[in-house]
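Below is one structure, written out as structure tokens, with a few remarks after it.
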Amino acid sequence: MSKKATDFRYNTGDTKVPWAAVGENYNAADLMEVIRFLMQGKGPEYDQAINAVWEQVKKLDAVSTPPGKLSTGSEVEAAEEACNEYLGTTTSTFVTNATSGFEIAYKYAGLKEGDEVIVPAITFVATMAYPLAVGAKLVFADIDPKTINMDPADVARKITPKTKMIVPVHIGGYPVDMEPIMKLAKEHDILVLEDAAHAFGAMYKGKKIGTIGDFAAFSMHEVKNITSFGEGGIATTNIPGFGNDMKRARFLGLDFSCPIDKWLYNITPIPGKEKPFVALNYSPTEIQGLGLRLQVARNEEIIAKRRQAAEYLNSRFAGVAGIIPQDLGNEDIKPTFHMYQLQIDPEIVGGDIQVLKRKLKEKGVTEIAHFGPLYRFKIVADMGYDSEEIAKTCPVCEEVFYHRYTHLPLYGLSDEQLEYMADAVLASVEEMKEGK
């Protein structure tokens, strides 16, 4: 009659009258809808196959029991251990998304109005969302024209006594030059948060990206190299002793070390750099943990396939005047090839990147203008920033984004599609040179 406990909030041992942790279980019919969603299709053959699966699921349903936990349990822990082993750290914390990992780091820093945060001029809005939300001042560092990452020399120029954090973003999975940034941070007592959303598996001088700064967060969103069923993130830290606190910061500051009277646990603040902060809820699900663990196991294979695609494009573009192919890295720099970063020389090609983008679109090549100058967003202007004045401090960003740079897909393509994309780029560049 006894049933084991399923969740810390209900039973603490075997029990005869359990209180289920899962309010309503998913049944066999629900599972079939999940299978239909994950393995989509149509037509007689698909219908026949899915009906056969349904018959087997009904048999399985008769002899199985549902999981006792759906959120932040053993599968989440297993995913974190897999990430720890892969990254060479002990602090991997699975959270709802990379943005929530950033927020924990920003809260640790005690970021507030008047503090300054240096971010790259080009990245995704999630990098700067929390600083904007609390009224901190964003300082935009110009970019390295070769890598599109923040330029350490410009970071050095823009540090002030109010600078509290530097946030290098490994755009496209290509590692930022972290050594000079970490040196600057140490000299000025500044925290470094690595936005490693694209860079799970990248390496910089023998270290995995995400293990160099004080904090880091990876994205497992649906478009990333590996995913956790659509959303998710892994946060890491190098702050001594903060690993366990980061896990408490994931779920409201839950604390078993000092339970209050007649209660199983307590809620305590999370220690920050200068003062404690209040934790919110960034708990992932067990199914996300399972999905992440399965994909971490094949991440090296995924990166290798992406690299192979990038090498093919480089081989096609090699020696073509005006095309600047993706840098593939070296012994010290190992990218993840989240996307292919293509540049052109407008003077040689006879037109800028906007012309090339238009031609590629006409040829059916998907081109998404996604990573652009952050200071051009309306939200930045509405928060009191002068976009044109900021643009003057980021001339490389302005030149590269508007005239030289675009990115191409590297994943989910057949050999024929990859070949067609290369042909389309070459044909478009030739047309530009001919003034067509």
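Treat the numbers as computed from the prediction; the structure is a model and nothing was measured. One-based numbering along the sequence shown.
Here Asp415 pairs with nothing under the salt bridge (Lys or Arg N to Asp or Glu O under 4.0 Å) rule; sequence neighbours left out. For Tyr204, there are no ring pair (Phe, Tyr, Trp, His ring centres under 6.0 Å) partners two or more places apart in sequence or in a different chain. Residues meeting the salt bridge (Lys or Arg N to Asp or Glu O under 4.0 Å) test with Lys363, sequence neighbours left out: Glu431. Under the salt bridge (Lys or Arg N to Asp or Glu O under 4.0 Å) criterion, Glu362 pairs with no residue, sequence neighbours left out. Residues passing the ring pair (Phe, Tyr, Trp, His ring centres under 6.0 Å) test with Phe242 are Tyr108, Phe215, sequence neighbours excluded. Applying the salt bridge (Lys or Arg N to Asp or Glu O under 4.0 Å) test to Lys361 and every residue at least two apart in sequence or in another chain returns nothing.
When atom types are taken as modelled, the side chain of Gln417 and the backbone of Ser414 share a donor-acceptor pair closer than 3.5 angstrom. Checked by atom type and distance alone, the side chain of Lys208 pairs as donor or acceptor with a backbone atom of Tyr86 at under 3.5 Å. Within the 3.5 Å criterion, the main-chain N or O of Phe200 finds a donor-acceptor partner in the side chain of Asn299. In this structure a side-chain-to-backbone donor-acceptor pair under 3.5 Å is present from Ser64 to Leu60. Distance alone, capped at 3.5 Å, places no donor-acceptor pair between the Thr123 side chain and the Val169 backbone. Counting only distance, with no hydrogens or angles, the side chain of Asp214 and the backbone of Asn238 share no donor-acceptor pair below 3.5 Å. A donor-acceptor pair under 3.5 Å links the side-chain atoms of Gln295 to the main chain of Thr227, judged by distance alone. Of the possible polar contacts, none joining the Tyr402 side chain to the Ile353 backbone as a donor-acceptor pair under 3.5 Å is found. Counting only distance, with no hydrogens or angles, the side chain of His403 and the backbone of Asp352 share no donor-acceptor pair below 3.5 Å. The closest donor-acceptor contact from the side chain of Asn314 to the backbone of Gln326 lies under 3.5 Å.
Screening residues 304-324 for salt bridge (Lys or Arg N to Asp or Glu O under 4.0 Å), with sequence neighbours left out, gives Glu301-Lys305, Arg307-Glu311, Arg316-Asp423. Applying the salt bridge (Lys or Arg N to Asp or Glu O under 4.0 Å) test to pairs two or more places apart or on separate chains, none has a residue in residues 118-127. The salt bridge (Lys or Arg N to Asp or Glu O under 4.0 Å) contacts involving residues 51-68 comprise Glu55-Lys58, where partners must be two or more places apart or lie in separate chains. Pairs of residues two or more places apart, or lying in two chains, that qualify as ring-ring contact (aromatic ring centres under 6.0 Å, His included) and include a residue from residues 305-339 are His198-His338.
If you check the side chains of Arg250 and Ser100, you find no donor sitting under 3.5 Å from an acceptor.
For Ile379, the CD1 atom counts as loosely surrounded, since its 6.0 Å shell holds 12 or fewer non-hydrogen atoms of other residues, nucleotides or ligands. Heavy atoms of other residues, nucleotides or ligands lying less than 6.0 angstrom from CD of Gln354 number more than 12. No more than 12 heavy atoms of other residues, nucleotides or ligands shown are found within 6.0 angstrom of CG on Asn244.
With contacts defined as side-chain heavy-atom distances shorter than 4.5 Å, the pair Leu360/Leu408 qualifies. Two residues are said to be in side-chain contact when any heavy atoms from C-beta on lie closer than 4.5 Å; Ile226 and Ile302 meet this criterion. Between Ile166 and Met150 there is a side-chain heavy-atom pair separated by less than 4.5 Å. Between Cys394 and Tyr375, some side-chain heavy-atom pair lies under the 4.5 Å cut-off. Contact of the Cys83 side chain with the Val296 side chain is registered, since non-hydrogen atoms from C-beta on lie closer than 4.5 Å. The shortest distance between side-chain heavy atoms of Asn97 and Phe218 does not fall below 4.5 Å. Within the 4.5 Å cutoff, side-chain heavy atoms of Leu410 are placed close to those of Leu313. You'll find the side chain of Ile390 stays beyond 4.5 Å of the side chain of Ser387, heavy atoms only.
Between Cys397 and Asp142, the shortest heavy-atom distance links the atoms N-OD1, 2.9 Å. Between Ile348 and Ala321, the closest heavy-atom pair is CG2-C, 3.7 Å. Across every non-hydrogen atom of Tyr420 and Val365, the tightest pair is CE2-CG2, 4.1 Å. Looking at every heavy atom in both residues, Gly372 comes nearest to Phe401 through CA-CE1, 3.5 Å. Considering all non-hydrogen atoms of both residues, Glu194 and Ile212 come closest at OE2-N, 3.1 Å. Between Leu111 and Ala136, the closest heavy-atom pair is CG-CB, 3.8 Å.
Taking the six-membered ring for Trp, His407 and Phe371 have ring centres closer than 6.0 Å.
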Quiz item: Between Arg358 and Ser428, is a side chain to side chain donor-acceptor pair (under 3.5 Å) present by the stated rule, with each step listed?
Solution: CA-CA 9 Å; Arg358 185 174 66 251; Ser428 297; over 6 Å; no

Exercise. Might you work through the side chain to side chain donor-acceptor pair (under 3.5 Å) test for Asn84 and Thr89, ending with a clear yes or no?
Key: CA-CA 5 Å; Asn84 279 339; Thr89 184; 4.7 Å; no

Exercise. Given side chain to side chain contact (heavy atoms under 4.5 Å, CB included), test Gln343 with Thr406 step by step and report yes or no.
Key: CA-CA 6 Å; Gln343 293 193 51; Thr406 190; over 6 Å; no

Under 3.5 Å donor-acceptor pairs involving side-chain atoms of residues 28-48, not counting sequence neighbours:
unit_1, atom_1, unit_2, atom_2, d
Asp30, OD2, Asn27, N, 3.0
Gln40, NE2, Phe37, O, 2.9
Tyr46, OH, Met39, O, 2.7

Name the atoms and distances for all side-chain donor-acceptor pairs under 3.5 Å in residues 276-288, with sequence neighbours left out.
unit_1, atom_1, unit_2, atom_2, d
Asn281, OD1, Ser283, N, 3.0
Asn281, OD1, Ser283, OG, 2.7
Tyr282, OH, Glu103, OE2, 2.9
Thr285, OG1, Gln288, N, 3.2
Thr285, OG1, Gln288, OE1, 3.1
Glu286, OE1, Gly73, N, 2.7
Glu286, OE1, Glu75, N, 3.2
Glu286, OE1, Val76, N, 3.0
Glu286, OE2, Ser74, N, 3.1
Glu286, OE2, Glu75, N, 2.9
Gln288, OE1, Thr285, N, 2.8
Gln288, NE2, Glu231, O, 3.0

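Between Glu398 and Arg376, at least one side-chain nitrogen of the basic residue sits less than 4.0 Å from a carboxylate oxygen of the acidic one, meeting the salt-bridge criterion. Between Lys207 and Glu179 no salt bridge is recorded (no basic side-chain N to carboxylate O distance below 4.0 Å).
A distance of 13.0 Å separates OH of Tyr405 from CG of Leu356, quoted to the nearest 0.5 Å. Atom CD of residue Gln341 and atom NZ of residue Lys146 lie 12.0 Å apart, to the nearest 0.5 angstrom.
Checking each of Asn149, Asp327, Thr336 against Tyr174 for a side-chain hydrogen bond (donor to acceptor under 3.5 Å, both in side chains) leaves exactly one that passes, namely Asp327.
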